[in-house]
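To start, the structure under review is shown below, and the notes come after it.
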Amino acid sequence: MKLRVDRDVLAEAVTWTARSVPARPPVPVLAGVRLEASNASLVLASFDYEVSAHCEIPAEVEEEGVVLVSGRLLADIAKALPSKPVDLEVEGTKVTVSCGSSRFALAAMAAEDYPTLPVMPSTAGTVDAHDLAQAVAQVSIAASRDETLPLLTSVQMEVDGDRLTLMATDRYRLAVREMTWASQDKTLSTHALLKARTLSDVAKSLTSTGDVTVALTEAGSTTSGLIGFEAGGRRTTSLLTDGDYPPVLRLFPEETSIHATVGREELMAAVRRVSLVADRSTPIHMSFTQGSLALDAGAGEDAQASEQLVAHLEGEDISTAFNPGYLLDGLGAIHQPYVTLDFTHPSKPAVLTGVDSIGGEKDLSFRYLIMPIRFGA
């Protein structure tokens, strides 16, 4: 194999492909990135038996061929090279990387032992890359970090025709984002459960493209559940999480009698200040009265903090308490200048939604439900 490729294009492609390379591979070949040169392109691929990555870039190919090299090492080298064309050539058991006066020789791994990448499933639809990235960022904050609960470390994707719904929960909060997309089959109704970390990586890495193609293993297929994303010459697949996601949408109350609206930025800043005296397990108390919101944290001989904000309240006065980190996550995921907190009872979950103005219509495309902390806890 012998070829020449643009340095920036190579560095970006190797870095993206090497994301799937495990830090501690169970077998040595999984530490590699597979390079295949043919016609006028270079295809880079990686696979760890769960997530695969495939990227195709233009190249001046002099000799076609396939080689396997250390993915992380090649990515580090490519990023450090000067801004000049890069020559790749296989010489015996070595892969030489030349750029300007820089020259590296990498050990070639056994490409024939590398596993075959999974085939992309059937296309389910397309979605705007920016919209997907925004939706995933809003929802993934609520996914659990506890790896002993694989269902809750995942994001549930539900497809119903042209409507795509993403949701995640860690039992203490729930984030739900609804959006429209271009479905291939308007009658399609299915769901997929994907690790939040994998989905976040994919969404972030495809933001520079226009539309993202989403592919799903058809329901009833005899093969393992698989989801795929493709855009701008990049393709990635991932195994789906096994299991049935809990019916979390039932947690949203059908009706709420108390509605409080506060400036989002002002509330976030106040929560950050007041929470300085609170550790992770210490709640922030919030007391809503007509025209006012009082926040306080700390008690007894411990450090204490309090702050008053202007708030618009519809319904009875209410006092409750929340985990400050969870509250800030929800406020940060809302993009409108105001946030409305809907309550049914101080000990029941509150629902956060964004609004453009006090008394304005709520943006129900994103909802964030947060469990209160009991005062006596």
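What you see is a predicted model, and the numbers here were worked out from it, not measured in a lab. Note that these values count all heavy atoms, side chains included, but never hydrogens, waters or copies made by symmetry.
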To the closest 0.5 Å, what do you measure between NZ (K348) and CG (D342)? 16.0 Å

Say whether M120 and L239 are linked into one hydrophobic cluster, either directly or through other cluster members, by side-chain heavy-atom distances under 4.5 angstrom. no

Is the shortest distance from a Lys or Arg side-chain nitrogen in R173 or D170 to a carboxylate oxygen in the other one below 4.0 Å? yes

Can you confirm whether F104 sits close enough to L74 that some side-chain heavy atom of one is under 4.5 Å from a side-chain heavy atom of the other? no

Is there a chain of hydrophobic side chains (I, L, V, M, F, W, Y, each step under 4.5 Å between heavy atoms) that links V9 to V33? yes

Check: T17 side chain, A53 main-chain N or O, donor-acceptor pair, under 3.5 Å: no

Report the relative orientation of the aromatic rings in F343 and F288; use parallel for angles under 30°, tilted for 30 to 60°, perpendicular for over 60°. tilted

Under a 3.5 Å cutoff, is there a donor and acceptor pairing between the side chains of S144 and D146? no

How about E62 and M1: do any of their side-chain heavy atoms sit closer than 4.5 Å? no

Salt-bridge contact E36-R34 (side-chain N to carboxylate O under 4.0 Å): yes

Donor-acceptor pair, T96 side chain versus E89 backbone, under 3.5 Å? yes

Residue pair V5 / D87, side-chain heavy-atom distance below 4.5 Å: no

Do you know the tightest heavy-atom contact between S154 and Y245? O-OH, 4.0 Å

Without swapping roles, check the side chain of S200 against the backbone of R197 for a donor-acceptor pair under 3.5 Å. no

Kindly check if the number of other-residue, nucleotide or ligand heavy atoms within 6.0 Å of NE2 (H259) is above 12? yes

Interatomic distance, S306 atom OG to I284 atom CD1 [nearest 0.5 angstrom]: 11.5 Å

Would you say that F366 contacts L352 through its side chain, given a criterion of any heavy-atom pair below 4.5 Å between the two side chains? no

Does any non-hydrogen side-chain atom of R367 lie less than 4.5 Å from one of E178? yes

Output yes when R234 and E12 qualify as a salt bridge under the 4.0 Å nitrogen-oxygen rule, no when they do not. yes

L331 side chain near V339 side chain, heavy-atom distance below 4.5 Å: yes

If you count heavy atoms of other groups shown closer than 6.0 angstrom to CD of E316, is the number above 12? no

Residues, nucleotides or ligands: over 12 heavy atoms within 6.0 Å of R250 CZ: no

Could you go through F47 and Y114, starting from their C-alpha distance and side-chain angles, then the distance that decides it, and tell me whether this counts as ring pair (Phe, Tyr, Trp, His ring centres under 6.0 Å)? CA-CA 9 Å; F47 186 36; Y114 201 71; 7.6 Å; no

Any donor-acceptor pair under 3.5 Å linking the side chain of T236 with the backbone of S52? yes

Does CG in D113 sit with more than 12 non-hydrogen atoms of other residues, nucleotides or ligands closer than 6.0 Å? yes

Checking D363 against Q336: is there a side-chain donor and acceptor pair closer than 3.5 Å? yes

Checking the side chain of R7 only, and the main-chain atoms of K79 only, is there a donor and an acceptor separated by less than 3.5 Å? yes

Contact check, side chains of L35 and V69, non-hydrogen atoms, under 4.5 Å: yes

Please tell me whether T353 and T340 have a donor and an acceptor in their side chains that are separated by less than 3.5 angstrom. no

How far does CG of D302 sit from OG1 of T282, to the nearest 0.5 angstrom? 7.5 Å

Testing the 3.5 Å rule here: is there a donor-acceptor pair between the side chains of S41 and E56? yes

Donor-acceptor under 3.5 Å (Q290 side chain, G315 main chain): yes

Is there a donor-acceptor contact under 3.5 Å from the side chain of T217 to the main chain of L226? yes

Closer than 4.0 angstrom, basic N to acidic O: yes or no for K195 and E50? yes

Residue pair G71 / V14: nearest heavy atoms and the distance that separates them: O-CG1, 4.0 Å

Got more than 12 heavy atoms from elsewhere within 6.0 Å of CD, E63? yes

Single-linkage hydrophobic cluster, 4.5 Å side-chain cutoff, L117 and M109 together: yes

Would K2 and E91 pass as an ion pair if we require N to O under 4.0 Å? no

Checking N323 side chain against Y326 main chain: does a donor-acceptor pair fall under 3.5 Å? yes

Strictly distance-based, threshold 3.5 Å: is any side-chain N or O of W181 a donor or acceptor partner for the main-chain N or O of G161? yes

Taking the side chain as C-beta and beyond, is there a heavy-atom pair between F252 and V351 under 4.5 Å? yes

Do D185 and T187 have a side chain donor and acceptor closer than 3.5 Å? yes

Sidechain-backbone polar pair: R4 side chain, A59 backbone, donor-acceptor under 3.5 Å: no

Does atom OH of Y172 have more than 12 heavy-atom neighbours, drawn from other residues, nucleotides or ligands, at distances under 6.0 Å? no

